[in-house]
Amino acid sequence: MKESAADADAHVILESHPAGGRLRIAVLAHLHHPIAPPFAGGMESHTAHLAAGLAARGHHVTLFAKEGSVAPCRVEPVLPQSYAVAGYPDSDGRNRQHEALDGAMSRAATSIRAGSYDAVLNNSLSPVPHRELVGIPTLHVLHTPVLPRLADIFGAPAWEPDPLHRHVTVSHANALEWRRWLPDIEVVHNGIALENWGTGVEPVPGTAAWTGRITPEKGTHLAIAAARATHTKLQIAGPIQDAEYFRALIEPELDRDVTYRGHVGQHELGRMISSAQVFISSPLWEEPFGLTTLEAIACGTPVAALPGGAMAEIINGDAGVVAHSRDAAALARAIIQARDLDRAQVRNSARAYSLESMIEAYENRLAAVSAVRPGPQERHS
């Protein structure tokens with residue numbers, strides 16, 4: 001969203017403290033992709049809904065993100081849209097990429113320090129905010145299992161939690177490893193606009209859907225193998241993050257029974273999921289939450305999932321079946337067990353994960369963070 005003259009005037013006005021409990025909030029996005037639909041992944045969707053939800057509640061939100069991001073708030077681009085992030089570069093490429101991304105995040109941190117924000121919501125995976133926002137009230141959202149560059153910060157002998165920083169993560173499963181360094185980390189489950197999922201489309205017997213980033217840790221190839229083992233037609237949708245993986249293991253499997261729909265928008269995605277008899281979730285890593293799985297549950301489509309991470313946390317017995325092991329045979333058995341579950345009960349299971357409850361949880365924590373004001377030494381550190 002481009003800044004207009006009116007936006008610039010509003011930014012000047014915001015230098016005085018907002019009335020009525022409204023906060024001036026800086027939101028740091030993950031910089032790999034613009035925050036714009038169709039979203040590249042769960043983090044981009046999460047950031048978009050958080051920024052929009054907080055702005056809708058009257059807070060003055062500034063989103064620091066990759067150029068091309070769109071939001072109903074002030075957007076500060078800190079990285080050109082033309083900068084392409086490689087999914088799996090070699091060591092030299094990874095170092096160059098870290099340098100570019102860290103430089104952009106550092107520019108955002110500098111702008112935040114020069115501004116007048118009540119709180120920062122760090123929705124990135126970058127180590128920079130942990131180093132460069134010392135003394136600034138910040139709520140860090142840890143979306144993934146422990147990343148090496150963050151472990152290097154938290155594991156340093158002299159490291160201590162900043163008294164003005166708080167940390168949350170998206171599931172109890174994901175909190176376990178983080179508590180090694182952050183024993184007070186809290187859990188705020190992801191939420192979605194439940195009313196936007198579930199289209200009234202009748203499910204087609206013998207069909208399945210798989211959505212998400214197409215990358216090895218998401219296990220798309222195992223979903224295909226399990227679907228074939230149960231004679232189930234499978235539709236796949238999502239961005240291709242690892243082109244080599246797609247060419248080697250996914251593309252050769254595509255035929256009239258296994259189709260790739262591309263990276264589609266939410267409306268088409270909802271119809272695709274709703275029309276499936278079963279949704280397949282096949283993570284081969286410790287899935288920190290599984291937003292696509294929740295979207296399927298909200299559509300009323302029962303889920304067959306591989307175990308790991310938060311899968312058993314968000315898939316109860318009414319919503320689907322979690323396999324006993326991470327292989328295609330176990331996933332195939334889960335498909336057979338899940339596909340005839342009552343769809344009304346499946347959809348009812350999603351009620352605990354509403355977007356409204358998630359926004360309120362973050363709003364409350366941002367208010368608590370902003371209430372802890374820095375002393376003179378911390379403010380100028």
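Bear in mind the structure is a predicted one, so any value in this text is a computation, not a measurement.
Here the straight-line distance linking atom CG of Asn190 with atom OG of Ser354 works out to 12.0 Å at 0.5 Å rounding. Here the CH2-CH2 distance, from Trp159 to Trp181, works out to 9.5 Å after rounding to the nearest 0.5 Å. Distance OG1/Thr292 to CZ/Arg213: 9.5 Å, rounded to 0.5 Å. In this structure, CG on Leu222 lies 10.5 Å from CD1 on Ile280, to the nearest 0.5 angstrom. Distance CG/Leu133 to CE/Met105: 9.5 Å, rounded to 0.5 Å. Atom CG of residue Asn316 and atom OG of residue Ser349 lie 4.0 Å apart, to the nearest 0.5 angstrom.
One N or O on the side chain of Ser275 and one on the backbone of Arg271 form a donor-acceptor pair closer than 3.5 Å. Looking at His49, its side chain does come within 3.5 Å of a backbone N or O of Ser45 through a donor-acceptor pair. In this structure, the side chain of Arg365 engages the main chain of Ala361 through a donor-acceptor pair within 3.5 Å. Under the 3.5 Å distance criterion, the side-chain polar atoms of Thr110 are matched with a main-chain donor or acceptor of Ser106. At distances below 3.5 Å, not a single donor-acceptor pair connects side-chain atoms of His167 with backbone N or O atoms of His140. A donor-acceptor contact shorter than 3.5 Å is absent between the side chain of Ser124 and the backbone of His30. Proximity of a side-chain donor or acceptor of Asp318 to a complementary backbone N or O of Gln345 within less than 3.5 Å is not detected. Trp178 places no side-chain N or O within donor-acceptor distance of the main-chain N or O of Val168, the cut-off being under 3.5 Å. Lys66 contributes a side-chain N or O that, together with a main-chain N or O of Tyr83, makes up a donor-acceptor pair within less than 3.5 Å. Here the side chain of Gln277 pairs no donor or acceptor atom with the backbone of Pro205 at under 3.5 angstrom.
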Run the numbers on Arg179 and Glu186 for salt bridge (Lys or Arg N to Asp or Glu O under 4.0 Å), then give the verdict.
CA-CA 10 Å; Arg179 287 202 170 102; Glu186 297 181 274; over 6 Å; no
Evaluation steps, side chain to side chain contact (heavy atoms under 4.5 Å, CB included), between Leu366 and Ile25:
CA-CA 8 Å; Leu366 286 164; Ile25 302 170; 3.9 Å; yes
Derivation of the side-chain hydrogen bond (donor to acceptor under 3.5 Å, both in side chains) call for Asn196 and His267
CA-CA 8 Å; Asn196 291 343; His267 179 71; over 6 Å; no
Evaluate the criterion side chain to side chain contact (heavy atoms under 4.5 Å, CB included) for residue pair Phe246 and Leu254; output intermediate values, then yes/no.
CA-CA 11 Å; Phe246 182 83; Leu254 300 180; 4.2 Å; yes
Using the rule given for ring-ring contact (aromatic ring centres under 6.0 Å, His included), can you reason through Tyr117 versus His60, listing the C-alpha separation, both sets of side-chain angles and the distance that settles it, and then say yes or no?
CA-CA 9 Å; Tyr117 295 98; His60 301 296; over 10 Å; no
Is there a side chain to side chain contact (heavy atoms under 4.5 Å, CB included) between Leu194 and Leu355? Walk through the geometry before answering.
CA-CA 7 Å; Leu194 300 175; Leu355 181 62; over 6 Å; no
Please lay out, stage by stage, how His143 and Phe289 fare under the test ring-ring contact (aromatic ring centres under 6.0 Å, His included).
CA-CA 8 Å; His143 285 273; Phe289 185 81; 9.8 Å; no
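Using a cutoff of 4.0 Å between basic side-chain nitrogens and carboxylate oxygens, Glu76 and Arg74 are scored as salt-bridged. A salt bridge does not link Arg113 to Glu132: none of the charged side-chain nitrogens sits closer than 4.0 Å to a carboxylate oxygen. Ionic pairing of Glu356 and Arg351 is not present here: no N-O contact between side-chain nitrogen and carboxylate oxygen is shorter than 4.0 angstrom.
Dense packing is recorded around CZ of Arg149, with more than 12 heavy atoms of other residues, nucleotides or ligands lying under 6.0 Å away. When the shell of 6.0 Å around CD of Glu160 is examined, it contains 12 or fewer heavy atoms from other residues, nucleotides or ligands. The environment of Glu244 atom CD is sparse: at most 12 non-hydrogen atoms of other residues, nucleotides or ligands sit within 6.0 angstrom.
The minimum heavy-atom distance between Pro127 and Asp102, with the atom names listed, is CD-OD1, 4.3 Å. Heavy-atom minimum distance, Pro302 versus Arg339: CG-O, 4.0 Å. Taking each heavy atom of Glu286 and Gly309 in turn, the nearest pair found is OE1-N, 2.8 Å.
Ring centroid separation for the pair Phe39 and His263 does not come in under the 6.0 Å cut-off. In this structure, the ring of His172 has its center less than 6.0 angstrom from the ring center of His189.
Here the side chains of Ile185 and Leu142 are in contact, with some heavy-atom distance below 4.5 Å. The side-chain heavy atoms of Met358 and His46, taken from C-beta on, include a pair separated by under 4.5 Å. Taking 4.5 Å as the limit, every side-chain heavy atom of His165 sits out of range of all side-chain heavy atoms of Leu139. With contacts defined as side-chain heavy-atom distances shorter than 4.5 Å, the pair His130/Leu150 qualifies. Put simply, the side chain of Met272 does not reach to within 4.5 Å of the side chain of Glu268, judged on heavy atoms. Within the 4.5 Å cutoff, side-chain heavy atoms of Val27 are placed close to those of Leu121. Inter-residue side-chain proximity for Ile314 and Thr293 is flagged as met; some heavy-atom pair is nearer than 4.5 Å. At least one side-chain heavy atom of Val264 sits less than 4.5 Å from a side-chain heavy atom of Leu269.
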Do any side-chain atoms of residues 230-237 form donor-acceptor pairs under 3.5 angstrom with protein atoms, and if so which ones, sequence neighbours left out?
residue: Thr230; atom: OG1; partner: Ala226; partner atom: O; Å: 3.1
residue: Thr230; atom: OG1; partner: Ala227; partner atom: O; Å: 3.1
residue: Thr230; atom: OG1; partner: Thr232; partner atom: OG1; Å: 2.8
residue: Thr232; atom: OG1; partner: Thr230; partner atom: O; Å: 3.3
residue: Gln235; atom: OE1; partner: Arg261; partner atom: NH1; Å: 2.4

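Looking at Glu363 and His59, their side chains do bring a donor and an acceptor atom within 3.5 Å of each other. Side-chain polar atoms of Asn174 and Thr169 form a donor-acceptor pair below 3.5 angstrom. Donor-acceptor pairing under 3.5 Å is lacking for the side chains of Thr215 and Asp242.
Using bins of under 30°, 30° to 60° and over 60° for the plane-to-plane angle, the ring pair Tyr245/His221 lands in the perpendicular bin.
A side chain to side chain contact (heavy atoms under 4.5 Å, CB included) with Leu331 is found for exactly one of Ser282, Ser325, Pro307, namely Ser282.
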